[in-house]
Amino acid sequence: MIAQNIGFLIIAIVMIGAALRVVTTNNVVHAALWLVVVLAGAAAQYILLAAEFVAVTQVLVYIGAVMVLFLFGTMLTRARIGAESDLNNSYKKLGIPVGLIMLAAMGLALTDSFGDEKLPESAKVVSTQEVSDQIFGPYLLPFWALSFVLLAAVVGAIVLARKD
Amino acid sequence: MFVNQFLLLGAILFCIGVYGVVARKNAVLMLMSIEIILNSVNINLLTFALRNGSTDGHVFALYIIAVAAAEVGVGLGLVLLVYRNKKTISIDDLSEMRG
């Protein structure tokens, strides 16, 4: 339990620092690379939460595929790779109170509702078989809908990006 | 491990993502902030899955990952189209709909 808490703390601090760099850095490529740190930290937290299949999917889909998409998007929309000065808009100062007020509201609600409730100590890792039993059992219809969403997204992305 | 430590981590990441969406004007960076928000939601779903001992949260988290991948694909396609037509992806310059 102690080891898990220490691991959680280290990963959480790294994630928060990297997320702050994503939203403040002046370099789009650096933002993408800091986002990799956030996504990898999230995968580690999923493992701490006994969700191994979701963690593996996170690594494959986010770090593998989505990051390549982001780097390609950066490459295709900007000729320059170095730092840029005009990445933030004029409402930048407004964002800080918005974020802090939301954080205060959510923090108050969470400490009020859950206090010092603990997660079950003897939780076993949720196996891939249980997850697939859920997906192909009660959640089959949403799975089909998701297949159509992905198909539409693939066709739509090709149609949008095609040169005609 | 407390329930709250994961939920508060999710809340902090969510707020950082919201700040990014508000403060950035580069469209690719806004999409990155949205990814941070979606990941914080996934952390919350998996925390409650562990707390309640159910696998439903895992299914929802997987569906969110799939929908996020589709969203990034279409979003970047749109950004490329905007860049091809306007030679910029700054959100502030897309003001045709202003009355």
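Chain letters run A, B, ... following the sequence lines, proteins first and then strands; every chain starts at 1. What you are looking at is a predicted structure, and each value in this text was computed from that prediction instead of being measured.
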Are B:Val59 and A:Phe143 close enough, and set up right, to give a side-chain contact (heavy atoms from CB on, under 4.5 Å), and what steps lead you there?
CA-CA 10 Å; B:Val59 180; A:Phe143 182 73; over 6 Å; no

For chain B, which of A:Leu103, A:Val61, A:Thr111, A:Asp133 has the most heavy-atom pairs under 4.5 Å?
A:Leu103

Proximity breakdown for A:Leu35 and chain B, heavy-atom pairs closer than 4.5 Å
side chain

Using non-hydrogen atoms only, which part of A:Ser132 is less than 4.5 Å away from chain B: side chain, backbone, both, or neither?
neither

Minimum heavy-atom separation for B:Ala68 and A:Tyr62, please, with both atom names.
CB-OH, 3.2 Å

So for A:Ala65, is it side chain, backbone, both, or neither that comes closer than 4.5 Å to the heavy atoms of chain B?
neither

A:Met102 versus chain B, heavy atoms under 4.5 Å apart: side chain, backbone, both or neither?
both

Return the option, out of A:Ser113, A:Pro120, A:Ala152, A:Gly107, with the maximum number of heavy-atom pairs under 4.5 Å with chain B.
A:Pro120

Would you indicate whether the side-chain heavy atoms of A:Phe53 and B:Leu62 approach each other to under 4.5 Å?
yes

Any side-chain heavy-atom pair from B:Tyr19 and A:Val98 closer than 4.5 angstrom?
no

What I want to check is whether the side chains of A:Gln58 and B:Asn39 have a donor and an acceptor closer together than 3.5 Å.
yes

Sort A:Ala32 into side chain, backbone, both or neither according to what part of it lies under 4.5 angstrom from a heavy atom of chain B.
both

All heavy atoms of B:Ile16 vs all of A:Ala19, minimum pair found to be CG2-O, 3.6 Å

Most heavy-atom pairs under 4.5 angstrom with chain B, which of A:Ile158, A:Val38, A:Ile96, A:Val154?
A:Ile96

For chain B, find which of A:Ile2, A:Val66, A:Val126 contributes the most heavy-atom pairs closer than 4.5 angstrom.
A:Val126

Top of B:Val22, B:Leu80, B:Asn4 for chain A proximity - count of heavy-atom pairs under 4.5 angstrom
B:Asn4

Heavy atoms only, distances under 4.5 angstrom: which of B:Val28, B:Val21, B:Leu46 has the most pairs with chain A? Name it, please.
B:Leu46

Spacing of B:Leu50 atom CG and A:Leu119 atom CG [to the nearest 0.5 Å]:
5.0 Å

Per-residue contact mode, B:Glu71 against chain A (heavy atom under 4.5 angstrom)
neither

Taking every heavy-atom pair that is under 4.5 Å apart, which of B:Ala11, B:Gly77, B:Gly73 has the most such pairs with chain A?
B:Ala11

Answer yes or no: is there a side-chain heavy-atom contact under 4.5 Å between B:Asp56 and A:Tyr139?
yes

Looking at CD1 of A:Ile135 and OG1 of B:Thr55, how far apart are the two atoms once the value is rounded to the nearest 0.5 Å?
9.5 Å

Find the one option among A:Thr57, A:Ile16, A:Leu39 whose heavy-atom pairs under 4.5 Å with chain B are most numerous.
A:Ile16

Got a second to check how far B:Leu45's CG is from A:Tyr46's OH, nearest 0.5 Å?
9.0 Å

Heavy-atom closest contact (A:Ala50 atom, B:His58 atom, distance):
O-CE1, 3.8 Å

Would you mind checking which part of A:Phe72 comes under 4.5 Å of any heavy atom in chain B, side chain (CB onward), backbone (N, CA, C, O), both or neither?
neither

Turns out that what part of B:Thr47 lies under 4.5 Å from chain A's heavy atoms comes down to both

Portion of B:Leu29 that has a non-hydrogen atom of chain A nearer than 4.5 angstrom:
side chain

A:Leu76 CG to B:Arg84 CZ distance, which is reported to the nearest 0.5 Å
9.0 Å

Closest heavy-atom pair and its distance - B:Ala70, A:Val149:
CB-CG1, 4.3 Å

Can you measure from CE (A:Met106) to OG (B:Ser40) and round to the nearest 0.5 angstrom?
7.5 Å

Using heavy-atom distances under 4.5 Å, tell me whether A:Val131 contacts chain B through its side chain, its backbone, both, or neither.
both

What's the spacing between A:Thr74 OG1 and B:Ile89 CD1 if we round to 0.5 Å?
7.5 Å

Using non-hydrogen atoms and a 4.5 Å limit, figure out which bit of A:Leu146 sits close to chain B: side chain, backbone, both or neither.
side chain

Segment of B:Val18 engaging chain A (4.5 angstrom heavy-atom cut-off):
side chain

Specify the closest pair of heavy atoms between A:Thr25 and B:Arg24, including all atoms of both residues, with the distance to one decimal.
O-NH2, 2.8 Å

Assert top hit (heavy-atom pairs under 4.5 Å, partner chain B, pool A:Ala51, A:Ala157, A:Gly73) equals A:Ala51

Considering only heavy atoms and a distance below 4.5 Å, find which of B:Met30, B:Glu35, B:Gln5 pairs most often with chain A.
B:Gln5

Please classify the contact between B:Leu13 and chain A as side chain, backbone, both or neither, with a heavy-atom cut-off of under 4.5 Å.
side chain

Only pairs of heavy atoms separated by less than 4.5 Å count here; which of B:Ile65, B:Asn26, B:Ile91, B:Leu76 has the most with chain A?
B:Ile65

Heavy-atom proximity to chain A below 4.5 Å, by part of B:Phe6:
both

Output the option from B:Val74, B:Leu81, B:Leu9, B:Val82 having the highest count of non-hydrogen pairs under 4.5 Å with chain A.
B:Leu9

Per-residue contact mode, A:Leu100 against chain B (heavy atom under 4.5 angstrom)
neither

A:Val54 portion near chain B, given a 4.5 angstrom heavy-atom threshold:
both

Does any heavy atom of chain B fall under 4.5 Å from the side chain of A:Pro138, the backbone, both, or neither of them?
neither

Over 60° means perpendicular and under 30° means parallel, so classify the ring planes of A:Phe114 and B:Phe48, tilted if in between.
tilted

For B:Leu31 and A:Phe70 the tightest heavy-atom approach is CB-CE2, 3.7 Å

Considering only heavy atoms, which portion of B:Ile43 lies under 4.5 Å from any heavy atom of chain A: side chain, backbone, both, or neither?
both

Around A:Glu117, counting heavy atoms of other residues, nucleotides and ligands shown, do more than 12 lie under 6.0 Å from its CD?
yes

